[in-house]
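What follows is a set of notes on a single structure, which appears directly below.
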Amino acid sequence: AYVRWFAFLRFVAKVIKIFLPYERHDAVKKYDDRPYVLLCNHFRMIDVAYPCSAMKKPVHFMAKRELWENGFLRWFCNKCRCIPVSRDGSGTDVKAIMQAMKYLKNGENIMIYPEGTRNKDNVDMLPFKGGFAAIAIKTRTPIIPIVQSNAPRLFKKAHVFYGAPIEFPEYYGKKLTEEEIADCEKRIRDIMVKTRTDFLQAEEAKKAAKRAKKSR
């Protein structure tokens, strides 16, 4: 039943794309059947459509615990088998971490919004909450970075970048220090920020070239 529900969500994601169009940029042709930790910068609730479009297997979203306070959202989160997380980040929520690791060990995917909240000011990226690197390393799971160029807008095309899987095999089976975990998380964040910044700078350069051409 859960697999069928996720198939329905994939269909909904295709419908949503009609109204909130985006161009998909893939670093790889398709992802294999391994479990993954997916990361995505966060602008709107509709961001859930992007991992649904990328993966054939269901994705368990780590979502802020406050969503369960709303009747409809509680129903939706339970239907999606989301993982409730405290507002101060997944790194301090032991129960959420254990549930996420259980899903990964069972061969399922999890989705984390590392910023911890929506980016309402459209800045590069908010500071990341800790925890996702430790989850990925302890379960020996690749991380897939998903990067949005801008917040979704009605009938205005956005761009979504699906990165190649990233792993840290040098830390597998090793007792990690806080510094090592922080370094891994910084490396992932730097990749995601650079992906978005490079694209926006290239787009601005194109616009400047067009303006210069018209002014001649």
Side-chain angles (χ1 to χ4, degrees), residues 6 9 13 27 31 34-55 57-68 73 76-120 124-148 151-152 160-168 171 176 178 180-193 195-196:
F6 189 77
L9 290 182
Y31 300 110
R34 296 180 64 184
Y36 291 102
V37 174
L38 294 93
L39 302 181
C40 185
N41 56 328
H42 194 18
F43 290 113
R44 304 282 187 269
M45 291 290 288
I46 205 66
D47 297 346
V48 297
Y50 303 133
C52 289
S53 299
M55 312 305 294
K57 292 197 303 183
V59 178
H60 299 276
F61 296 86
M62 298 188 79
K64 61 182 181 181
R65 195 176 299 276
E66 286 83 352
L67 295 181
W68 275 259
L73 292 178
F76 184 80
C77 289
N78 289 336
K79 193 76 173 175
C80 293
R81 299 186 186 178
C82 294
I83 305 169
V85 182
S86 59
R87 287 286 287 181
D88 54 1
S90 60
T92 60
D93 195 322
V94 177
K95 187 176 180 180
I97 291 174
M98 296 303 294
Q99 184 62 61
M101 293 176 66
K102 181 179 178 180
Y103 282 137
L104 292 170
K105 289 178 180 179
N106 287 340
E108 301 175 72
N109 304 306
I110 66 167
M111 173 73 205
I112 300 174
Y113 294 102
E115 294 167 295
T117 189
R118 285 176 290 167
N119 183 344
K120 298 178 181 179
D124 277 345
M125 261 174 220
L126 301 175
F128 279 11
K129 303 292 185 180
F132 65 85
I135 292 173
I137 292 170
K138 289 179 181 179
T139 57
R140 304 191 178 196
T141 306
I143 295 172
I144 295 177
I146 302 174
V147 180
Q148 303 180 67
V160 181
F161 297 82
Y162 293 83
I166 301 169
E167 295 189 69
F168 299 101
Y171 294 121
L176 298 170
E178 292 184 4
E180 288 171 333
I181 294 173
D183 177 66
C184 292
E185 292 174 345
K186 181 180 183 302
R187 285 156 64 183
I188 295 290
R189 187 180 187 278
D190 288 347
I191 290 171
M192 295 178 69
V193 170
T195 298
R196 183 171 185 265

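Note that this is a predicted model, so its numbers are computed, not measured.
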How close do [X] and [Y] get, counting heavy atoms only, and between which atoms?
X      : Y      : answer
Cys40  : Tyr113 : O-CD2, 3.2 Å
Phe6   : Met55  : CE2-O, 3.5 Å
Thr141 : Pro35  : CG2-O, 3.3 Å
Ala133 : Cys184 : CB-CB, 4.0 Å
Ala134 : Ile181 : CB-CD1, 4.0 Å
Ile166 : Pro145 : CD1-CG, 4.0 Å

Task: Main-chain N/O of Met125 paired to Arg189 side chain as donor or acceptor, under 3.5 Å - done: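 Flag set: sc Arg189 to bb Met125 pair under 3.5 Å.
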Open item on the list: Checking the side chain of Tyr162 only, and the main-chain atoms of Tyr50 only, is there a donor and an acceptor separated by less than 3.5 Å?
Closed with: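 Answer holds: yes.
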As an exercise, state the distance from [atom1] of [X] to [atom2] of [Y], rounded to the nearest 0.5 Å.
X      : Y      : atom1 : atom2 : answer
Asp47  : Arg118 : CG    : CZ    : 9.5 Å
Leu126 : Asn119 : CG    : CG    : 4.0 Å
Leu39  : Glu185 : CG    : CD    : 9.0 Å
Glu108 : His60  : CD    : NE2   : 3.5 Å
Met111 : Leu38  : CE    : CG    : 6.0 Å
Ile137 : Arg140 : CD1   : CZ    : 11.0 Å

Open item on the list: I'd like to know whether Phe132 forms a side chain to side chain contact (heavy atoms under 4.5 Å, CB included) with Met62, so could you lay out the CA-CA distance, the side-chain angles of the two residues, the decisive distance to 0.1 Å, and finally the verdict.
Closed with: CA-CA 11 Å; Phe132 65 85; Met62 298 188 79; over 6 Å; no
Open item on the list: In terms of relative ring orientation, are Tyr171 and Phe168 parallel, tilted or perpendicular, with 30° and 60° separating the classes?
Closed with: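 Taking Phe168 first and then Tyr171, their aromatic rings sit tilted (interplane angle of 30° to 60°).
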Open item on the list: Ile135 vs Met101, test: side chain to side chain contact (heavy atoms under 4.5 Å, CB included). Steps then yes/no.
Closed with: CA-CA 6 Å; Ile135 292 173; Met101 293 176 66; 4.1 Å; yes
Open item on the list: Pair Glu167, Arg34 - check salt bridge (Lys or Arg N to Asp or Glu O under 4.0 Å), show working.
Closed with: CA-CA 13 Å; Glu167 295 189 69; Arg34 296 180 64 184; 3.3 Å; yes
Open item on the list: Within the supplied structure, the quantity of interest is the number of heavy atoms (other residues, nucleotides, ligands) at a distance under 6.0 Å from Lys57 NZ; does it exceed 12?
Closed with: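 Correct, the count exceeds 12.
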Task: Worked verdict on Trp68 versus Asn78 for side chain to side chain contact (heavy atoms under 4.5 Å, CB included) - done: CA-CA 9 Å; Trp68 275 259; Asn78 289 336; 2.9 Å; yes
